[in-house]
Number of protein chains: 2
Amino acid sequence: MARKPSAADAPLRLDNQICFAVYSAAHAFNRVYKPLLDGLGLTYPQYLVMLVLWERDDVPVKDIGEKLFLDSGTLTPLLKRLEAAHLVKRSRSREDERQVLIALTPQGHALKEKARSVPQSILAASDCSVSELVAMKDGIVALRDRLNAVIGE
Amino acid sequence: MARKPSAADAPLRLDNQICFAVYSAAHAFNRVYKPLLDGLGLTYPQYLVMLVLWERDDVPVKDIGEKLFLDSGTLTPLLKRLEAAHLVKRSRSREDERQVLIALTPQGHALKEKARSVPQSILAASDCSVSELVAMKDGIVALRDRLNAVIGE
DNA sequence: TCACATTTAATTGTTCGCAATTGAATGTGC
DNA sequence: GCACATTCAATTGCGAACAATTAAATGTGA
C-alpha cells in the first residue's frame with residue numbers, strides 16, 4: 001500500500017505546490033543576500049525597512065508595516081535594533097502621540113550609497129534577463145495581491 | 001535633495017525587487033494556509049514535513065532537510081513537536097547510529113486524508129488557472145535552483 | 001461633556017530559520 | 001590498527017514572524 005505513486009496524491013506532492021516553490025525561493029534569496037548584507041550590517045528584513053526609508057523618511061511604524069506586510073510585533077524590535085545600530089531615530093509624533101515616527105540618521109542616509117551595489121549582485125546571481133525577472137515579479141505580485149484579498153475576507 | 005524620484009534609485013525601489021515579491025508572497029501564502037492548517041493542528045513548515053513523509057516514510061532527518069532546504073537546527077525541534085503531537089516517531093538507525101529515522105505513526109498516516117482538501121482551497125484562493133500556476137511555479141523553481149547553485153559556489 | 005469605539009505601538013509567548021559549536025559514529029589513509 | 005577527517009544530529013543564541021493582549025491617545029455619537 002502507498003507504494004506506487006497515485007494520481008489522487010498528485011495535489012499533495014511537494015513538487016507540485018507553488019507555495020513550496022515560493023517558500024523555498026524566498027529562503028534561497030535570503031541565503032544569497034546574507035553575505036552581501038553582512039557588509040552593510042543588516043539582515044534582509046532590516047534591509048527592506050531601509051529600502052522603505054530611503055524612499056521616504058520620517059514615517060510612522062504603521063506605514064512601514066503596510067508597505068512590507070508586517071505588523072508592530074515584528075517591526076518594533078527590529079526598529080529598536082536599527083536604532084541601536086544608529087541607523088534610525090524613533091520619536092513620538094507631536095500631532096498624534098500614538099504614532100512613533102522613524103527617521104534616518106546621517107549614517108542611515110549614508111548607508112544607501114553602500115547599498116547601491118546590492119541589486120546588481122542579486123541580478124547576477126539570478127542568472128536571468130531583466131525582462132524575464134520583471135515578468136516573473138509581476139506575476140508573483142499579482143498572485144500575492146489576490147491571496148491578500150482573500151485574507152481580508 | 002532626494003525629493004524627486006531619481007532614475008539612479010530605481011534598482012533600490014521596493015516595488016522593483018523580485019525578492020520582495022517572493023518574500024511577501026511567501027507570507028501571503030502562510031496567512032492563507034494558517035486557518036486551513038489549524039484544522040489539522042499543523043504549522044506550515046510542519047505541513048511541509050508531513051508532505052515529505054506522506055510521499056516516503058522512515059527517512060533520516062537529513063533527507064527531509066535536503067528536500068525542504070532546511071537544516072537540523074530547524075528540523076530537530078520541529079520534529080520533536082510533531083512527535084509530541086503523536087504524528088511521527090523518532091528512532092536511531094540500527095545501521096548508522098548517527099542517523100535519526102522519522103516514521104509516521106498511524107495518526108500521522110491518517111492525517112493525510114484530512115489534508116487532501118487543502119491544495120484545492122489554496123488553488124481557489126489563488127484565483128488563477130492551474131496552467132498559469134504551473135508555469136509560474138516552474139519559473140520560480142528554476143530561479144531558486146540557480147540561486148542555490150550560486151550559494152554552493 | 002461623557003461613554004464608547006477605534007487606532008497605534010508595545011509586550012508576551014510560540015514557532016521558524018540559520019550560524020556556530022558540540023559530540024558521537026563512521027570512514028580513510030598510512 | 002590507529003590517528004585523522006567526515007558525517008550527522010543536537011544544542012545554543014539571535015533575529016524574524018505572528019497571534020493575542022495591553023495601554024495610551026484619539027475620534028465619535030448621543
Side-chain angles (χ1 to χ4, degrees), chain A residues 19-20 23-35 37-38 40-50 59-66 68-85 87-88 90-102 148 151, chain B residues 19-20 23-35 37-38 41-50 59-66 68-85 88 90-102 148 151:
Chain A
C19 50
F20 175 64
Y23 170 90
S24 53
H27 291 325
F29 267 120
N30 214 326
R31 286 190 285 268
V32 172
Y33 267 103
K34 181 149 201 328
L37 295 181
D38 279 350
L40 305 183
L42 296 173
T43 65
Y44 181 67
Q46 288 169 6
Y47 172 70
L48 290 180
V49 169
M50 294 302 285
V59 291
V61 174
K62 185 170 197 291
D63 285 22
I64 299 173
E66 278 173 2
L68 300 181
F69 306 97
L70 297 173
D71 66 9
S72 73
T74 300
L75 288 174
T76 295
L78 187 157
L79 289 166
K80 285 183 176 176
R81 282 187 282 271
L82 288 180
E83 186 171 46
L87 294 172
V88 307
R90 293 158 10 98
S91 60
R92 291 277 165 187
S93 165
R94 206 154 303 168
E95 301 93 54
D96 187 340
E97 287 278 345
R98 295 169 303 181
Q99 295 186 354
V100 169
L101 297 179
I102 308 299
N148 278 331
I151 295 158
Chain B
C19 51
F20 175 64
Y23 168 91
S24 53
H27 290 324
F29 266 120
N30 214 326
R31 286 190 285 267
V32 172
Y33 267 102
K34 180 145 204 329
L37 295 181
D38 280 349
L42 296 174
T43 64
Y44 181 68
Q46 290 169 4
Y47 171 71
L48 291 179
V49 169
M50 295 301 287
V59 291
V61 174
K62 187 170 196 291
D63 285 22
I64 300 173
E66 279 172 1
L68 300 181
F69 307 97
L70 297 174
D71 67 8
S72 72
T74 300
L75 288 174
T76 295
L78 187 155
L79 289 165
K80 286 184 176 176
R81 282 187 283 271
L82 287 180
E83 187 172 45
V88 307
R90 293 158 8 99
S91 60
R92 290 277 165 189
S93 165
R94 206 153 307 166
E95 301 93 54
D96 187 339
E97 288 279 346
R98 294 170 303 181
Q99 294 186 353
V100 169
L101 298 179
I102 308 299
N148 279 331
I151 295 159

For a quick check of understanding: with a heavy-atom distance under 4.0 Å over all strands, which category does [X] fall into, base, sugar-phosphate or nothing?
X	result
A:Leu70	sugar-phosphate
B:Leu75	nothing
A:Asn30	nothing
B:Pro60	sugar-phosphate

Using atom [atom1] of [X] as one end and atom [atom2] of [N] as the other, report the distance to the nearest whole Å.
X	N	atom1	atom2	value
A:Leu78	D:dA17	CG	P	8 Å
A:His27	C:dT15	NE2	C1'	13 Å
B:Arg92	C:dT26	CZ	P	10 Å
A:Arg98	C:dA5	CZ	P	16 Å
A:Glu97	C:dA10	CD	C1'	15 Å
A:Arg90	C:dA10	CZ	C1'	9 Å
A:Lys62	C:dT7	NZ	P	8 Å
B:Leu42	C:dT14	CG	C1'	15 Å

Exercise. Sub-3.5 Å donor-acceptor pair from the side chain of A:Asn30 to the main-chain atoms of A:Tyr33, do we have one?
Worked result: no
Exercise. Of A:Tyr44, A:Phe29, A:Tyr23, which meets ring pair (Phe, Tyr, Trp, His ring centres under 6.0 Å) against B:Tyr23?
Worked result: A:Tyr44
Between [options], spot the one nearest the side chain of [X], thanks.
X	options	answer
A:Gln99	C:dA9, C:dC16, D:dC18	C:dA9
B:Asp96	C:dT26, D:dA9, C:dA9	C:dT26
A:Pro45	D:dA10, C:dT26, D:dA16	D:dA16
B:Thr74	C:dA9, C:dC18, D:dA9	C:dC18

Establish, with yes or no, whether the OP1 or OP2 oxygen of [N] is under 4.0 angstrom from a side-chain nitrogen or oxygen of [X].
X	N	value
A:Tyr23	C:dC16	no
A:Arg81	D:dA16	yes
B:Thr43	C:dT14	no
B:Arg31	D:dA17	no
A:Gln46	D:dA16	yes
A:Lys80	D:dG15	no

Exercise. Please walk me through it: do B:Arg81 and B:Gln46 pass side-chain contact (heavy atoms from CB on, under 4.5 Å)?
Worked result: CA-CA 9 Å; B:Arg81 282 187 283 271; B:Gln46 290 169 4; 4.1 Å; yes
Exercise. For the side chain of A:Ser72 and the base of C:dA10, is some donor closer than 3.5 Å to an acceptor across the two?
Worked result: yes
Problem set entry | Matching residue for A:Met50 among A:Leu82, A:Leu37, A:Leu40 - test: side-chain contact (heavy atoms from CB on, under 4.5 Å) | A:Leu82
Problem set entry | Validation row: B:Pro45, B:Leu78 side chains within 4.5 angstrom (heavy atoms) |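 They are in contact (side-chain heavy atoms under 4.5 Å apart), so the answer is yes.
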Exercise. Hey, is A:Arg92 close enough to A:Glu97 for a salt bridge, meaning N to O under 4.0 Å?
Worked result: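 Looking at A:Glu97 together with A:Arg92, the answer is no, because their closest N to O distance does not fall below 4.0 Å.
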